Colleague: 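Structure incoming, see below.
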Amino acid sequence: MFDEMQKRMNHLGNLNNFIEDLFEKIPGNLISKKQQKKLMDVVMNDDELKNLLEGLKNPRPPRFVLVGRTGVGKSSLINAMSGHYLAEVSDVEIGTKEARRFTYESDGQVYFEVIDTRGIGESETFKIKAEEDLLEVIRDFNPDALLFLQKATERAHIDKDIEITKRIMKKANVELPLVGIITHIDELHPSREKNPSQYPVEKKELIREKKAQLMRIFNEYDLKYSSIIPISSYIEWSNTTDTPEIKRTMDFDGRYGIEELLDFLESSIDVRAAIHLGMTIRLNKVAEKIANRFIKVFSAVAATVALSPIIATDIAVLLALQTILLMIVAYLSGRDLEFKTARELLISLGGIGATGFTLRMIAQQGSKFVNLVLPGAGSAISASIASGGTYAIGKAAVAYYLKDIPESQLKNVVKEAREEFDGLSE
C-alpha cells in the first residue's frame, strides 16, 4: 500500500513532464504537429492550472503556528489531520522558551512543520522581550496559517490568549489565515458518546453554542478570523507503546470536523503547501482537484475546436483532445495508458459506446451544415455539444479511475455530468 501511494505521489510530481510529452504522442495521422503545439499552448495557458502545476513542482510541508494551552490537544490534532500516529521530531531551540519548533513525520515523510507556542500566556513572566522574540521566530518561520486552539470544556484564560494572539498577528505583519479550532468536542455532554455519526441532538446543540461563543469573543476583541471549526481528534490506536518499529493503526475513529478543517486549509494556504497536504493525506482528493481543473480547461478548448466552420475537420482534433484528457486522469490515478489504448477506451467508456459516440459526432458535424444557410448558427450548437461531451467524458474518467466506480455504472455518471454541464451553461 505504501509503495502504491509513493508511486502515485511520484506520478503527481512528474505531471508537468508527462503533459509536455503527452501532446507529442498524438499520432500524426490525427492532427499535425502545428495543431499539437497549438492545443498544448491553449491548454497550458490557464492561470489556475499553471498555479496547480507549479505547486506540484515544488511541494513543501505546510507550516503552522499553534496557539493554545498545555493539554488543549495539539499533537492529537496533528495526528487526526494526518490520519497517522506521527512522530514528533526535531525539537529545535529557536531562541525563546515560549515556543518550540517541531516536524511531524512517519516513514521518513514529513507531514507538517509546527511552531508550538505552548508557553504563550501560561507564565506570568511572559514579558515584552519574550513576545518580541516570538514575533521574530514567526517571521522567520513564514507560516501558512495560525491555528488558535481552545478546549470546548474550558473557558478560562481565553481572553489573555486572544489579546496576545492579536498583538502577534498585528506586529508580525504577515497576512495569514487565523483558524479558531474548538478541540475535544467529544467531551461535551454526553461525553460517553464518541461516535460522531451518533451524536445526539443536545450534543450537536452544545457544539453550535461553543462555536457561536468563540465567534463572539473574537469579535469583542476585534480579532479577525478566517474560520472557526469545532473538532474532535479522538482516535483509539492499536497499541500504546512508542516503539517506532511498531506502527499504530486506528482501532476506533472518532474524528469530527477534521475534513472541514483540511478543506479550509487546502483552499486557503500557499498552493505548494496545499499540494503537499493533499498528496500526503488525501491523495485522491488532490488528484480530483487537478483532474477537475483539466476537465474545465479541456471542455473550453473543445468548444473552441468545434467552432471551426469547416465540416469534419475537427473530429480528429476533438478525439485527440478527449483522449489526452482521459490519459491525464488515468495518470493521476497512478496508471499509464498508451494513446491507442486510451482512444479505444474513450469510445467504449461507460456507455459512451461506439454508437453513442458516433451519433454525437454526426450530430456535431451535422449542425455545421446549418452554416451553409445561416452562417455562424451551426457552430454555436456544435460548440455546446463538443464542450458538454468532453466534460462528461472527463467526469466519467474521474469516476472510473479515481473513485473506483464500476464500468457498468458509468452510463449514469455520463448522463448526470451532461445535466450538470447544461446547468452550468445556463
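A quick note: this is a predicted structure, and the numbers were derived from the prediction, not measured.
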Colleague: To the nearest 0.5 Å, how far apart are CG in Leu147 and OG1 in Thr183?
Modeller: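 These two atoms lie 12.0 Å from each other.
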Colleague: Using the ring pair (Phe, Tyr, Trp, His ring centres under 6.0 Å) criterion, which residues pair with His84? Sequence neighbours excluded.
Modeller: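 His84 satisfies ring pair (Phe, Tyr, Trp, His ring centres under 6.0 Å) with Tyr111 only.
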Colleague: What donor-acceptor contacts under 3.5 angstrom involve side-chain atoms of residues 47-59, with partners at least two apart or in another chain?
Modeller:
unit_1, atom_1, unit_2, atom_2, d
Glu48, OE1, Arg293, NH1, 3.1

Colleague: Which residue is it: Gln150, Arg69, Lys166? I am looking for the one with a side chain to side chain donor-acceptor pair (under 3.5 Å) to Asp161.
Modeller: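 Single pass found, and it is Arg69.
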Colleague: Only pairs at least two apart or in different chains count here, so list each salt bridge (charged side-chain N to carboxylate O under 4.0 Å, His left out) that has a residue in residues 211-222.
Modeller: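 Applying salt bridge (charged side-chain N to carboxylate O under 4.0 Å, His left out) to every pair that reaches into residues 211-222, excluding sequence neighbours, yields nothing.
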Colleague: Identify the heavy atoms of Pro62 and Leu277 that sit nearest to each other, and give their distance.
Modeller: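 That closest heavy-atom pairing would be CG-CD1, 4.0 Å.
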Colleague: Can you name the residues that form a ring pair (Phe, Tyr, Trp, His ring centres under 6.0 Å) with Tyr225, not counting sequence neighbours?
Modeller: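 Checked Tyr225 against ring pair (Phe, Tyr, Trp, His ring centres under 6.0 Å); matches are Phe218.
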Colleague: For Ala291 versus Val329, what's the shortest heavy-atom pair and its separation?
Modeller: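 The pair with the smallest heavy-atom distance is CB-CG2, 4.2 Å.
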Colleague: Would the number of heavy atoms belonging to other residues, nucleotides or ligands and lying under 6.0 Å from NZ of Lys296 be above 12?
Modeller: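 Atom NZ in Lys296 is not packed in, count stays at 12 or less.
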Colleague: Holding to side-chain hydrogen bond (donor to acceptor under 3.5 Å, both in side chains), I want the full list of residues that pass it with Asp41, two or more places apart in sequence or in another chain.
Modeller: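 With neighbours one apart ignored, the set is Lys37.
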Colleague: With sequence neighbours excluded, what pairs up with Lys415 under the side-chain hydrogen bond (donor to acceptor under 3.5 Å, both in side chains) test?
Modeller: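 Applying side-chain hydrogen bond (donor to acceptor under 3.5 Å, both in side chains) to Lys415 gives none.
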Colleague: Going by side-chain contact (heavy atoms from CB on, under 4.5 Å), name the residues that satisfy it together with Ala287, two or more places apart in sequence or in a different chain.
Modeller: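 By the side-chain contact (heavy atoms from CB on, under 4.5 Å) rule, Ala287 matches Arg8, Leu332, Leu402.
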Colleague: Go through the steps to decide whether Lys395 and Asn292 satisfy the test side-chain contact (heavy atoms from CB on, under 4.5 Å), and finish with yes or no.
Modeller: CA-CA 8 Å; Lys395 290 294 184 179; Asn292 284 328; 3.1 Å; yes
Colleague: Go through the structure and list residues passing ring pair (Phe, Tyr, Trp, His ring centres under 6.0 Å) with Tyr221, not counting sequence neighbours.
Modeller: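 Not a single residue meets the ring pair (Phe, Tyr, Trp, His ring centres under 6.0 Å) criterion with Tyr221.
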Colleague: Closest heavy-atom contact between Val297 and Val43?
Modeller: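 So the minimum-distance heavy-atom pair works out to CG1-O, 3.5 Å.
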Colleague: I need the His276 NE2 to Glu113 CD distance, nearest 0.5 Å.
Modeller: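 If we round to the nearest 0.5 Å, His276:NE2 and Glu113:CD are 8.5 Å apart.
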Colleague: Could you give the distance from CE (Met81) to OH (Tyr104), rounded to the nearest 0.5 Å?
Modeller: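 Met81 CE to Tyr104 OH: 11.0 Å, rounded to 0.5 Å.
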Colleague: Under the side-chain hydrogen bond (donor to acceptor under 3.5 Å, both in side chains) test, which residues partner Lys194, sequence neighbours left out?
Modeller: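 So Lys194 forms a side-chain hydrogen bond (donor to acceptor under 3.5 Å, both in side chains) with Asp186.
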Colleague: Just to verify, what does Thr323 make a side-chain hydrogen bond (donor to acceptor under 3.5 Å, both in side chains) with, not counting sequence neighbours?
Modeller: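 Residues passing side-chain hydrogen bond (donor to acceptor under 3.5 Å, both in side chains) with Thr323: none at all.
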Colleague: Taking only residues two or more places apart in sequence or in another chain, which ones pass ring pair (Phe, Tyr, Trp, His ring centres under 6.0 Å) with Tyr391?
Modeller: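 Ring pair (Phe, Tyr, Trp, His ring centres under 6.0 Å) check on Tyr391 returns Phe421.
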Colleague: Determine which pairs satisfy side-chain hydrogen bond (donor to acceptor under 3.5 Å, both in side chains) with at least one residue from residues 261-271, sequence neighbours left out, and list them in order.
Modeller: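 The answer is Asp263-Arg282, Asp263-Lys285, Glu266-Arg282, Asp270-Arg272.
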